[in-house]
Chemist: 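I'd like to ask you about the structure that follows.
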Protein chains: 2
Amino acid sequence: MKRKSTKKIILEKALEHFSKQGYAGASIRQIARSVGIRESAIYNHFESKEEIFLALLYQFKSQTISKEILNDELLDQLSNPENFLKVFTRRLIDFWNTPQERKFIRVLLMEQFTKIGSSEISISEYLTDLRSICKLIFGEMSKNGIIKKFDTVVLADEFAAFLFLLRSEKISGDEKLPITKIYDLAEMHVDFFWNSVKA
Amino acid sequence: MKRKSTKKIILEKALEHFSKQGYAGASIRQIARSVGIRESAIYNHFESKEEIFLALLYQFKSQTISKEILNDELLDQLSNPENFLKVFTRRLIDFWNTPQERKFIRVLLMEQFTKIGSSEISISEYLTDLRSICKLIFGEMSKNGIIKKFDTVVLADEFAAFLFLLRSEKISGDEKLPITKIYDLAEMHVDFFWNSVKA
DNA sequence: GTCTATAAGGAGATAGAC
DNA sequence: GTCTATCTCCTTATAGAC
């Protein structure tokens, strides 16, 4: 049983502090304390506070919905499209509801307008992933005549906007909703959406 | 021609700095410099940085969509519901697109997870306004048989979620979209929505 | 890789003159 | 109501011993 590297623990604790107080509000001192080392020891692993933040951004950038959620088993269900949407949405919620993702989206929402280093932090960039997968899905359904003819960009946005608000407000928010309630809200959304688009 | 009071200018400049760097990232020193006075002079108007922030929160809390947007002229158009939704949405966008509102929503998004003073800053609270007006509108339409029978809470959320994302991402975001493009996106949303709900 | 010690500066806030 | 001067604390970051 290998111990986690100090570097990983620093990233972990940094994410925790950033997600609670924002980048500017969190200090190296607090992070070091959480890790259990002195501030100066942090600099053995990262050159600056900024570098810690950018390392976190990078880490989460490499996680994509397609990698985490879409697999053959799910894609097989495309023959039953309404059910497919429900399963897809449910998996999305489970993924977003992991502690790491909950914290990360908070950081993203908080820092989307601040410039840290040369990096522009934009929500849009992280929404692109969900949007393009939706476009793919609805494009396929449209081609097969399963749904009415719509602009797939509009469809993707209509489907994703609600989910994104659900994520920001209900999944990662401070309001502690039970997960079953979140599933319910999502299912009502899929119902409404499916009723609107089905052929 | 009366000059603006120093207090008002402080609030104005504070909002500007908070919206760019967040609460923790902005300093009294910077704000004072923008106003054109020394830091110590600020304390003649506010007891603390926190009080400045809370004053801003209070100021915007008193602005409501119903006060700013809903008037008799608009309500008269309820007989043509699709057009009503379009005019309502357009007015909403114009209101959200004012410099003050653009800045304020940024602050809200940034500080929604931080605790400043004893106040909990939640997006939900500020969304309540839009949600309840939508509930009212769709409740009325439903009663008059203009739209299909739906849970008005679901309808309100489906209608508002897209608009809120539009606001966060496109209206107040850094991506500088021309306002006509935003109108277009909103109109496509109303079209999609209306097609889904009309009786 | 972590420690102690310390530098250098910025923060919020106050005292008291004008 | 604004100023100068100052306090105290906290911040990021570095130097050098172990």
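Convention: sequence-line order gives letters A, B, ...; per-chain numbering from 1. Only a predicted model underlies this, so the values are computations on that prediction, with no experimental measurement involved.
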Chemist: The criterion is side-chain hydrogen bond (donor to acceptor under 3.5 Å, both in side chains); which residues satisfy it with A:Thr64, sequence neighbours excluded?
Modeler: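 A:Thr64 satisfies side-chain hydrogen bond (donor to acceptor under 3.5 Å, both in side chains) with A:Ser66 only.
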
Chemist: With salt bridge (charged side-chain N to carboxylate O under 4.0 Å, His left out) as the rule and sequence neighbours excluded, what pairs involving residues 38-54 of chain A come up?
Modeler: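 Listed by first then second residue: A:Arg29-A:Glu39.
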
Chemist: What salt bridge (charged side-chain N to carboxylate O under 4.0 Å, His left out) pairs are there with at least one residue in residues 79-94 of chain B, not counting sequence neighbours?
Modeler: B:Glu73-B:Arg91, B:Glu82-B:Lys86, B:Lys86-B:Glu187, B:Lys86-B:Asp191

Chemist: Hey, could you give me each pair passing salt bridge (charged side-chain N to carboxylate O under 4.0 Å, His left out) that has a residue in residues 122-143 of chain A? Not counting sequence neighbours.
Modeler: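 Sorted result for residues 122-143 of chain A: A:Lys61-A:Glu125, A:Arg131-A:Asp157, A:Arg131-B:Glu169, A:Glu140-A:Lys143.
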
Chemist: Please tabulate the protein-to-nucleotide N/O contacts below 3.5 Å involving nucleotides 6-9 of chain C, giving atom names and distances.
Modeler:
none

Chemist: In chain order, what residues pass the salt bridge (charged side-chain N to carboxylate O under 4.0 Å, His left out) check against A:Lys149, with sequence neighbours excluded?
Modeler: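 Counting only residues at least two positions away or on another chain, A:Lys149 forms no salt bridge (charged side-chain N to carboxylate O under 4.0 Å, His left out).
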
Chemist: For the residue pair A:Thr114 / A:Glu111, report whether a side-chain donor-acceptor contact shorter than 3.5 Å exists.
Modeler: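 Yes.
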
Chemist: Taking only residues two or more places apart in sequence or in another chain, which ones pass side-chain contact (heavy atoms from CB on, under 4.5 Å) with A:Asp174?
Modeler: A:Arg106, B:Phe113

Chemist: Hey, can you pull the residues of residues 42-53 of chain A with a non-hydrogen atom under 4.0 angstrom from DNA chain C?
Modeler: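 Heavy-atom cutoff 4.0 Å gives A:Asn44, A:His45.
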
Chemist: I need the residues from residues 10-26 of chain A with at least one non-hydrogen atom less than 4.0 Å from DNA chain C; give them sorted by number, or say none.
Modeler: none

Chemist: Under the rule for salt bridge (charged side-chain N to carboxylate O under 4.0 Å, His left out), what residues qualify as partners of B:Lys4, not counting sequence neighbours?
Modeler: B:Glu12

Chemist: If you look at every heavy atom in B:Gln77 and B:Phe84, which pair is closest and at what distance?
Modeler: O-CB, 3.6 Å

Chemist: Identify all pairs in which a protein N or O lies below 3.5 Å from an N or O of nucleotides 16-18 of chain C, and state each distance.
Modeler:
none

Chemist: With sequence neighbours excluded, what pairs up with B:Ala24 under the side-chain contact (heavy atoms from CB on, under 4.5 Å) test?
Modeler: A:Ala24

